[in-house]
Amino acid sequence: MSNPRSPSKDFIREIIDEDLATGKHDGTVTRFPPEPNGYLHIGHAKSICLNFGIAREYEGRCHLRFDDTNPAKEDTEYVDSIKEDIQWLGFDWGDHLYFASDYFEKLFEWAVHLIENGKAYVDDQSSEEMRAGRGDLQNPGTESPFRDRSLQENLDLFNRMKAGEFKDGEKVLRAKIDMAHPNLNMRDPVIYRIVHTEHHRTGDTWCIYPMYDFTHGQSDALEYVTHSLCTLEFENHRPLYEWFLDNLPVPSRPRQIEFSRLNLNYTVMSKRKLLQLVEEKHVSGWDDPRMPTISGIRRRGYPAESIRNFCKTIGITKFKSTNDISLLESSVREVLNADAPRFMAVLKPLKIVITNYPEDQVEEFDAVINPEKPELGTRKVPFSRELYIEQDDFMEDAPKKFFRLAPDKEVRFRCAYFIRCNEVIKDEAGNITELHCTYDPETRGGENPPDGRKVKATIHWVSAAHALKAEVRLYDRLFNTENPDSVEGSFLDHMNPDSLEILADARLEPNLAAVPVGETVQFERLGYFCVDTDSTQEAPVFNRTVGLRDSWAKTQQKG
RNA sequence: AACUCCAUGGUGUAACGGUAGCACAACAGAUUUUGGUUCUGUUUGUCAAGGUUCGAAUCCUUGUGGAGUUGCCA
């Protein structure tokens, strides 16, 4: 019972629906075409979710094709990381792994085809001369003095280019289109250049390499891609994409459709800037948990599902928008709230002594693993005379709205007892060193006492003797300006100096020892945290994935 | 003042000539053994001006604003 026009399909899916309805295509083939010259970031995730998502929905297929036409920049290291990232996101190209370099032979033939049809020529001009001859946005270009070489001479020269007789930059092959075309891409674009550099797959077989424009559409056609989805900046290339399909004996007719790339506030997304952050050591690497790379996001503890949901939420349009990072974080919290097991952890410990609790006694309390999933049951948490609580959960001079522990005030220790603070112990300098408290045995398990007494807060705690010591890394946005891309001066001047805070003395509930690397859990009342790759059994390291929504912090800020 | 594209609350995104809806954010309240979650409510919008039409966010015209493009990068 499918609605002929189910609500809120994006414009690309509407085009596909129509192509299927009119019989233009009887199946749908998309492709994700990264250049293996860097790590994937969340912007790529949008494209991956679109292309692989469409293939899944339409029961078609999505090819993974590496656009490896520039040997100077590319490396197999990146091929591997890109594959890993796509799989982590939950997508699969099946048998359809391709490389543009697989088509070098065919593309060469097609270049010869153009020459033979008088539609391409070898140009001896330098790149400076070519630039001068191209004209500009207001003025038409001028034709190259080599534009009207004979067919034979062009063929001969092109073959000698291939044979390695010329140095880099000495000659190029150009399509012969129109030097006065209003679209600069159509002013006799270069389609082959000489590059004497080893290619990561073809080695030194070639010393001439096709340009992106001469590769992409033809590769799509060779793979019978029906819809070639790319970002807006290729809009001006579409006429050229189509010109090659029109002028070459290609086996199919793909259609290029452009959509808007993903932008997030408070972050940079360009490969160049990301690379700079890594190379100048502003971050620890491509997988630094503050990076918008897929590997960074993964290490940070964002679930793949939340990235997929986020991409669904932001939609596909041609409007150049900037999304709120809070929307991403909300997707992350939504998934984690449902899935993450709860534990207690104290980030900044303050010692508590329960003076009326027997010295050697230890009790184990049952604590719910996840209130969203009661079927998961409970875990045991040890309680004893000496405990740690969060420094932020105690105030000596508490304002009225502060519900947590304060002198002569009572709170619930989660799943344990009502605890009253009786005495604040300080050192000579006046710093609070510990709190002396008493517990109410009638509130075992955290139950309300028979006298009907209520408390306004429940706080988390960890038994001092049983606690695991750990390092916890708190992350914040890398930039403190909304749009670090369009800022006067360098984007680096707007980095957030507090984007990483390391807490070396956190104390964890002992159950946390069993959490494997990469898994994200909730530290109750604090946020979601995952075990970092740096973590060892002896020295656990947790990353804060994202904090919980904190309405107390807001109240505090308002004063 | 070239060519191409874009314009809906604070941020995104729907509405395909017929009630401007949803999410995030913000604010208020209820629930709560997480100041979490959940629930309820509130605030805020069709870039402008004309035209077509019974009726326009939607179609037409003009204007305004923004983006991309002058690589032998992709």
Side-chain angles (χ1 to χ4, degrees), chain A residues 5 7-10 14 33-35 37 67-70 72-74 100 123 125-127 130-132 134-141 168-174 181-187 189-195 208-209 211-213 215-216 230-239 258 260 265 271 313-331 333-334 337-338 342 344 367-368 371-372 401-404 412-416 443 445-448 455-460 522-527 547-556:
Chain A
R5 188 166 55 230
S8 75
K9 264 195 178 174
D10 59 67
E14 284 185 355
E35 183 186 14
N37 70 343
D67 225 329
D68 54 350
T69 58
N70 186 355
K73 290 184 167 184
E74 297 152 6
D123 197 337
Q125 292 184 106
S126 68
S127 57
M130 278 184 53
R131 186 176 337 127
R134 188 154 31 234
D136 60 30
L137 299 176
Q138 273 78 30
N139 303 295
D168 288 10
E170 269 186 12
K171 289 184 169 31
V172 292
L173 185 69
R174 290 229 257 174
H181 198 107
N183 182 336
L184 288 281
N185 292 127
M186 299 295 273
R187 320 245 260 227
V190 171
I191 60 179
Y192 263 92
R193 78 288 214 187
I194 299 169
V195 185
I208 56 170
Y209 291 90
M211 300 288 289
Y212 164 85
D213 286 308
T215 306
H216 207 91
C230 61
T231 48
L232 249 26
E233 63 271 26
F234 292 101
E235 223 158 18
N236 295 329
H237 292 246
R238 187 170 3 108
E258 310 86 13
S260 158
N265 55 12
K271 222 171 253 183
T313 309
I314 60 174
I316 299 291
T317 66
K318 302 189 74 155
F319 177 59
K320 194 182 153 78
S321 57
T322 301
N323 287 274
D324 260 349
I325 195 80
S326 66
L327 186 54
L328 208 211
E329 292 180 344
S330 154
S331 298
R333 288 194 189 100
E334 188 185 12
N337 177 54
R342 318 276 128 128
M344 290 196 283
V368 172
E372 307 295 318
K401 284 185 176 167
F402 185 82
F403 302 151
R404 284 110 99 143
R412 172 169 24 238
F413 275 29
R414 173 127 236 225
C415 305
T443 56
E447 301 284 345
N448 285 327
V455 289
K456 294 195 87 168
T458 298
I459 66 174
H460 61 276
Q522 185 187 106
F523 290 176
E524 285 199 85
R525 303 208 305 130
L526 297 174
L548 256 24
R549 283 185 59 219
D550 189 349
S551 50
W552 165 239
K554 279 181 199 164
T555 316
Q556 261 182 320

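We use all heavy atoms of the structure for the numbers below, so side chains are in, but hydrogens, waters and symmetry mates are not. Since the structure is predicted, the reported quantities are computational estimates derived from the model, not experimental observations. Below, read A as the first sequence line, B as the second, and so on, with proteins coming before strands; counting in each chain starts at 1.
- As rounded to the nearest Å, B:G21 and B:G45 have C1' atoms that lie 12 Å from one another.
- Comparing B:U13 with B:A7, their P atoms sit 9 Å apart, to the nearest whole Å.
- OP1 or OP2 of B:A23 has not a single side-chain nitrogen or oxygen of A:T313 nearer than 4.0 Å.
- An OP1 or OP2 oxygen of B:G71 is reached within less than 4.0 angstrom by a side-chain nitrogen or oxygen of A:R131.
- Side-chain N/O atoms of A:T317 include none lying less than 4.0 angstrom from OP1 or OP2 on B:C6.
- The gap from the P atom of B:G63 to that of B:A25 amounts to 41 Å, rounded to the nearest Å.
- Taking only distance into account, the side chain of A:Q522 meets the base of B:U34 through a donor-acceptor pair shorter than 3.5 Å.
- Rounded to whole Å, the separation between the C1' atoms of B:U46 and B:U58 comes to 10 Å.
- A:N236 contributes a side-chain N or O that forms a donor-acceptor pair with the base of B:G68 under 3.5 Å.
- Within the 4.0 angstrom heavy-atom criterion, base atoms lie near A:S127.
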> Is there a side-chain contact (heavy atoms from CB on, under 4.5 Å) between A:R412 and A:T443 once you walk through the steps?
Replying inline: CA-CA 9 Å; A:R412 172 169 24 238; A:T443 56; over 6 Å; no

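- A:R549 has a side-chain polar atom (N or O) that falls below the 4.0 Å cut-off from OP1 or OP2 of B:U37.
- Under the Watson-Crick and G-U wobble criteria, each requiring two contacts below 3.5 Å, nucleotide B:A2 is paired to B:U69.
- Rounded to a whole angstrom, the distance from the P atom of B:U38 to that of B:G55 is 45 Å.
- Spacing between B:C60 and B:A20 at atom P, rounded to whole Å, works out to 22 Å.
- If you take CG of A:L328 and P of B:C24, they are 14 Å apart, rounded to a whole angstrom.
- Base contact: A:F234 has a heavy atom under 4.0 Å from a base atom.
- One interatomic measurement links the two molecules: NE2 of A:H460 to P of B:U33, which rounds to 18 Å at whole-angstrom precision.
- Of the candidates B:G71, B:A1, B:C3, B:A1 carries the atom nearest the A:Q138 side chain, counting heavy atoms from C-beta on.
- If you run side chain to side chain contact (heavy atoms under 4.5 Å, CB included) between A:V172 and each of A:D123, A:I191, A:I208, only A:D123 comes through.
- Taking a pair to require two hydrogen-bonding distances under 3.5 Å in either a Watson-Crick or a G-U wobble arrangement, B:G29 pairs with B:C39.
- Ion pair A:K73/A:E35 not flagged as a salt bridge, since none of the NZ, NE, NH1 or NH2 atoms sits closer than 4.0 Å to an Asp/Glu carboxylate oxygen.
- OP1 or OP2 of B:G35 has at least one side-chain nitrogen or oxygen of A:R525 nearer than 4.0 Å.
- Across B:C72, B:A74, B:U13, the shortest atom-to-atom separation from the side chain of A:F319 is found for B:U13.
- With both ends at atom C1', the span from B:A74 to B:U11 equals 30 Å, rounded to whole Å.
- Regarding the sugar-base torsion, B:G71 falls in the syn class, its angle being within 90° of 0.
- Between the A:S260 side chain and the A:F319 main chain, a donor and an acceptor come within less than 3.5 Å of each other.
- Comparing B:C22 with B:C3, their P atoms are spaced 42 Å from each other, to the whole Å.
- For A:H181 and B:A2, a side-chain-to-base donor-acceptor distance below 3.5 Å is absent, hydrogens and geometry of angles not being considered.
- Nucleotide B:A48 is matched to B:U62 when pairs are restricted to Watson-Crick or G-U wobble geometry with both distances under 3.5 angstrom.
- Side chain A:R342 to base B:U34: a donor-acceptor pair is found below 3.5 Å.
- The residue A:E35 sits close only to the backbone: its heavy atoms come under 4.0 Å of sugar-phosphate atoms, none of a base.
- A donor-acceptor pair is defined here as one N or O able to donate and one able to accept, closer than 3.5 Å; no such pair exists between the side chain of A:N183 and the backbone of A:P239.
- At B:A74, one or more side-chain N or O atoms of A:R193 fall inside 4.0 Å of OP1 or OP2 (strictly under the cut-off).
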> Taking it one step at a time, do A:Y209 and A:N70 satisfy side-chain contact (heavy atoms from CB on, under 4.5 Å)?
Replying inline: CA-CA 7 Å; A:Y209 291 90; A:N70 186 355; over 6 Å; no

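- Here A:F403 lies parallel enough and close enough to stack on the base of B:G35, with planes under 30° and ring centres under 5.5 Å apart.
- A:R187 contributes a side-chain N or O that, together with a main-chain N or O of A:H181, makes up a donor-acceptor pair within less than 3.5 Å.
- By the 5.5 angstrom centroid cut-off and the 30-degree plane limit, A:W552 is classified as stacked against the base of B:G35.
- Among the atoms of the strands shown, none is found under 4.0 Å from any heavy atom of A:S331.
- Within 4.0 Å (heavy atoms only), A:K401 reaches at least one base atom of the nucleic acid.
- Using a 4.0 Å heavy-atom distance criterion, A:S260 is classed as making no nucleic acid contact.
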